[in-house]
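Both backbone and side-chain heavy atoms feed into the values below; hydrogens, waters and symmetry mates do not. Note that the numbering runs from 1 along the sequence shown for the chain.
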Amino acid sequence: MLLAFVAITAAAQTLPEEGKVYTILSKQYAGMYISEEADGTLVVGALDNARRQFWEFVPTGTSGVWYIRNKVTGNYIQSCNGTNSSQSVMHTGTTAVPYYVGVCASGTNQGYLWFSSTDCAGYSDQSTSPHGLNKDGASNNIIIWMAGLSNNGSHWSLQETTFTYEVQPFMPSTAVGKPNALYHMVNGGQYVADNLTLVAASSAENLSWYFVGTGNASGGYQIVNAGTGQIVQTSTRTDRWIVNEDVANAGYYFTSAVNSTERFTASGESVFTFKSARSSFARHAGIYDLPCGALSNGMYVSGATLEGDAATHRLLYPIRTQTGTTRSGTYEAIAPTSWYKLAMLDPAVLRKGRDCTLTLTLSKALVGGEEVFAYFDWDGDGVFETVYPIEAARTMTQVVSVPATAKVGKSRMRVRVTYNGLADAEDEVQGQCIDFLLQVVEDDGVSEFNVTVRSNDLTRGTVELSADTAIATAIGSASFICWKEGHRFASVSRKYRFGTPTHDMNLVAIFAADATDPYGENVLTGIDRTLTEDLAEAVEISFASREIRVSGGGKVFALCLYSTDGQLVRQAASSSLSTEGLPAGIYIVKALTEKSGKSAKVSVK
C-alpha cells in the first residue's frame, strides 16, 4: 500500500491566538501531546480528554511572547533557563513566565514551532540554539534542551480544539449492581459511609462506592454504595452528578447534573480523594496493595525496633548474624537495591491491649522534605487502618498501642520514608517502604518476661540458665559457636549475660560437630575409626510405663526422641525421658553416652 506524506509548511502552521484552546503536538513523536501531571511535571502522551492536555496562550503585550497556561489547572509552564539535560525535567507552577513562540524558518523542521522562555540567552534567535521545551528521547518527560534548527524533539505544532476535559479520578462502571471497580471517598483520612457521614477508615462494605456512567458530557454519574446498593440523589430527586476537580485542594467534588450550585457532601465536607477499595475476597484473604515507588536521595531505614510491654518477642531490624572466621557479630547489608522490602524473618510478637515503642533510625542526616509514616493493620484484612505520622529525624520514636480488639494472628506494619508529600499507606513512594510481619497474641496477663535456653543438638552440647546468664557446655570434641535468638546472632560468649529481659527470650546454643573445624570444612567423620572394646560398651534402651530408659555406656550426655519425619520431639540430658502426652505412633529414640550410642524404635500407644 502506498502512503502519501504531506509536509507542513510555515504558512500552514497554527500560531497562538488569544481566547482559543490548543493541544501541543510533538513534531518528532507522532500522536504525543504535552500534558501536565498531578505533581506539575510536563510529559507527553496520547490524546486523551481525561488528561491535562488543554493549553491557552495569554498575551504578554510583546509580539510573539505569551504566557502558556494549562486550561485545567490554571498553572503556567515555568522557565526553561537551566541546564540542557535529561535530568532537567520541566514543570508548571503559579508564576506566569513569558515564552517566545518561534517558527522554524528552514531545514527539516521548517514551519514547526519552538518554545523558549525569554530569560534564556538568544531566545528569539534559533540559529544560536537557545534553551527550549524538548521531548526527552529516553522517557516521556519534557526536558530543557537546545531548540536549534535540527533538534527535532524541540519542535511542536498547535492543534486548535474545544475544551472537552473530563475528570476521571475513578474507573466508572456500566450498570448499577455490576461494579467494575470499588473506591473509598476520603477526606482528611476519614471515609464516606453509606449514611453520608465521615467515619474512621476500615474495610467495612458500606464504606465502598462505585460510579455508574460514561462521563460528564453524557449526563454525569450515579454514586452507588457497594454495601447497601443505595444510589445518592440530589435535593431535586435526580441521581446524576458531575465530577469536578479542585486543584487548589488536590481533590474532587460532585455537583448536581441539574443544579451546579448543589454539592455532594458528607459531614459537611465536599472535597474528596478516591482510594481503591478491596474486594470482599481480598479483605478476607488479607491481601495487601503495594505502592509504586522509586529510591531517592540515598536515604533509607538503617534500623528499626519494636519493643516494650506489648512485645513478648521484639522486632529487631536488621537481623544481626554471625559471619566470617572471626566468629563476630555483624549486621546484614541493608542499603536497599529496591525502594520496597518485605521483612518476614523473626516477626515481633505483640500482646493485645498493651503499648510498645517503635524506634526508627535513618541512614544519614536529613536533607529536607522527608516524611515518615508507620501504618498498622490490626484486623488483618490488608487495610492499614491505623497511621502514625512521625516527625522526621535521624532517630525517631513512637509509642504504639495494640488495640484490645486486634485480631489474633498474622498482621503487618508498614514504614514509609518519602519526599513526595503523599501520606496514605498505598500511595506512591519516593524513598523507601518496608513491610514488617507481626504476630498478635492474646494478653497472658504476665507482667514479667520469660527466658528459656536450649541446645541446637544435645549430642553436641548442653545448656543451663543461671539467674541472668545462659551457660553453654560442649560435649566431647564438639565446639560451642554462638548463642542465637530466633534468626538473630546474640553472643559468642559461652556464658552469655543478657541482663534484665525486655521481652520473652528463647536462646539457642549453637554447637558444631568438631572443635577443630566449627565452620563445616573438612569435618572429621570418624567413619574409618575402629571402636575399642571399652568405647563400644553395650548400651541398652528400654521402654515401659511411658518412660524411655538408658543403661550402660557410662554417663548419658543426651537422650533424644524424634518423629518418623525427623522432627525432634523431646530431649533430655539424663538416662530417662517421659513420653507422657505424646500422640500415639512410632518414634525414634537416640541415646549418646560417654562411651557409645544407640538408636531404637519405640511405639507409643
Keeping to residues at least two apart or across chains, list the side-chain hydrogen bond (donor to acceptor under 3.5 Å, both in side chains) pairs with something in residues 53-67.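 Sorted result for residues 53-67: E56-R69.
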Where at least one partner belongs to residues 209-218, residue pairs that pass side-chain hydrogen bond (donor to acceptor under 3.5 Å, both in side chains), sequence neighbours excluded: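 Non-adjacent pairs meeting side-chain hydrogen bond (donor to acceptor under 3.5 Å, both in side chains): T214-S218.
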Please determine whether side-chain contact (heavy atoms from CB on, under 4.5 Å) holds for the pair N259 and T236, giving the CA-CA distance in whole Å, both sets of side-chain angles, and the decisive distance to 0.1 Å. CA-CA 9 Å; N259 179 7; T236 55; 5.8 Å; no
[X] versus [Y]: any side-chain heavy-atom pair under 4.5 Å?
| X | Y | answer |
| --- | --- | --- |
| R414 | L290 | yes |
| V103 | L113 | yes |
| S139 | S86 | no |
| L306 | L438 | yes |
| K341 | P336 | no |
| R416 | C433 | yes |
| P16 | L158 | yes |
| Y29 | V44 | no |

Name all residues meeting the salt bridge (charged side-chain N to carboxylate O under 4.0 Å, His left out) criterion together with [X]; count only those two or more places apart in sequence or in a different chain, and write none if there are none.
| X | value |
| --- | --- |
| E160 | K20 |
| E166 | none |
| D424 | none |
| E426 | K275, R278 |

When you measure from the side chain of [X] to the backbone of [Y], do you find a donor-acceptor pair of N or O atoms at a distance under 3.5 Å?
| X | Y | value |
| --- | --- | --- |
| Y22 | S157 | no |
| N249 | G251 | no |
| N109 | Y112 | no |
| N244 | I242 | yes |
| R412 | Y375 | no |
| Q126 | A147 | yes |
| T397 | T359 | no |
| Y183 | M171 | yes |
| D377 | D381 | yes |
| T161 | T23 | no |

Looking only at side-chain N and O atoms, does [Y] offer a donor or acceptor that is under 3.5 Å from a partner on [X]?
| X | Y | value |
| --- | --- | --- |
| N75 | E36 | yes |
| D125 | T128 | no |
| S117 | D119 | yes |
| N141 | T41 | no |
| T162 | T164 | no |

Step-by-step ring pair (Phe, Tyr, Trp, His ring centres under 6.0 Å) determination, Y221 to F254: CA-CA 9 Å; Y221 299 93; F254 290 98; 7.4 Å; no
Where A250 and T273 come nearest, the two heavy atoms and their spacing: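 Of all heavy-atom pairs spanning A250 and T273, the closest is O-CG2, 3.6 Å.
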What are the two closest heavy atoms between R240 and V212, and how far apart are they?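 Smallest heavy-atom distance, with atoms named: NH1-O, 3.7 Å.
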Ring pair (Phe, Tyr, Trp, His ring centres under 6.0 Å) involving [X] - partner list, sequence neighbours excluded:
| X | answer |
| --- | --- |
| Y419 | none |
| Y191 | H184 |
| Y33 | none |
| W241 | F264 |

Rounded at 0.5 Å granularity, tell me how far [atom1] in [X] sits from [atom2] in [Y].
| X | Y | atom1 | atom2 | value |
| --- | --- | --- | --- | --- |
| I34 | N140 | CD1 | CG | 12.0 Å |
| W339 | S296 | CH2 | OG | 13.5 Å |
| T95 | Q78 | OG1 | CD | 5.0 Å |
| Y252 | D246 | OH | CG | 10.0 Å |
| L149 | S106 | CG | OG | 4.5 Å |
| D39 | H91 | CG | NE2 | 5.5 Å |

Pairs under 3.5 angstrom only: tabulate donor-acceptor contacts from the side chains of residues 360-372 to other protein residues two or more places apart or in another chain.
from: S363; atom 1: OG; to: G298; atom 2: O; distance (Å): 3.4
from: S363; atom 1: OG; to: Y300; atom 2: N; distance (Å): 3.2
from: K364; atom 1: NZ; to: N297; atom 2: O; distance (Å): 2.5
from: E370; atom 1: OE1; to: G368; atom 2: N; distance (Å): 3.0
from: E370; atom 1: OE2; to: V367; atom 2: N; distance (Å): 2.5
from: E370; atom 1: OE2; to: G368; atom 2: N; distance (Å): 3.3

Carefully, step by step, assess F211 and F274 under the rule ring pair (Phe, Tyr, Trp, His ring centres under 6.0 Å). CA-CA 11 Å; F211 309 92; F274 298 89; 5.4 Å; yes
Hey, mind stepping through W114 and N151 against side-chain contact (heavy atoms from CB on, under 4.5 Å) and telling me if it holds? CA-CA 10 Å; W114 88 86; N151 289 350; over 6 Å; no
What verdict does the side-chain contact (heavy atoms from CB on, under 4.5 Å) test give for N49 and Y165, after you've listed the backbone C-alpha separation in whole Å, the side-chain angles of each residue and the deciding distance to 0.1 Å? CA-CA 5 Å; N49 68 350; Y165 177 65; 5.7 Å; no
Sorted by first residue and then second, give each salt bridge (charged side-chain N to carboxylate O under 4.0 Å, His left out) pair with at least one member in residues 190-209; sequence neighbours left out.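 Matches after skipping sequence neighbours: E205-R283.
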How far apart are the C-alpha atoms of F115 and Y99, what are their side-chain angles, what is the distance that settles it, and do they pass the ring pair (Phe, Tyr, Trp, His ring centres under 6.0 Å) test? CA-CA 6 Å; F115 306 104; Y99 263 80; 7.3 Å; no
Run V97 and I77 through side-chain contact (heavy atoms from CB on, under 4.5 Å) and show every step you take. CA-CA 7 Å; V97 175; I77 295 180; over 6 Å; no
Both conditions, 6.0 Å and 45 degrees, for the charged tip of R263 above the ring of Y253: are they met here?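 The answer is yes, since R263 meets both limits relative to Y253.
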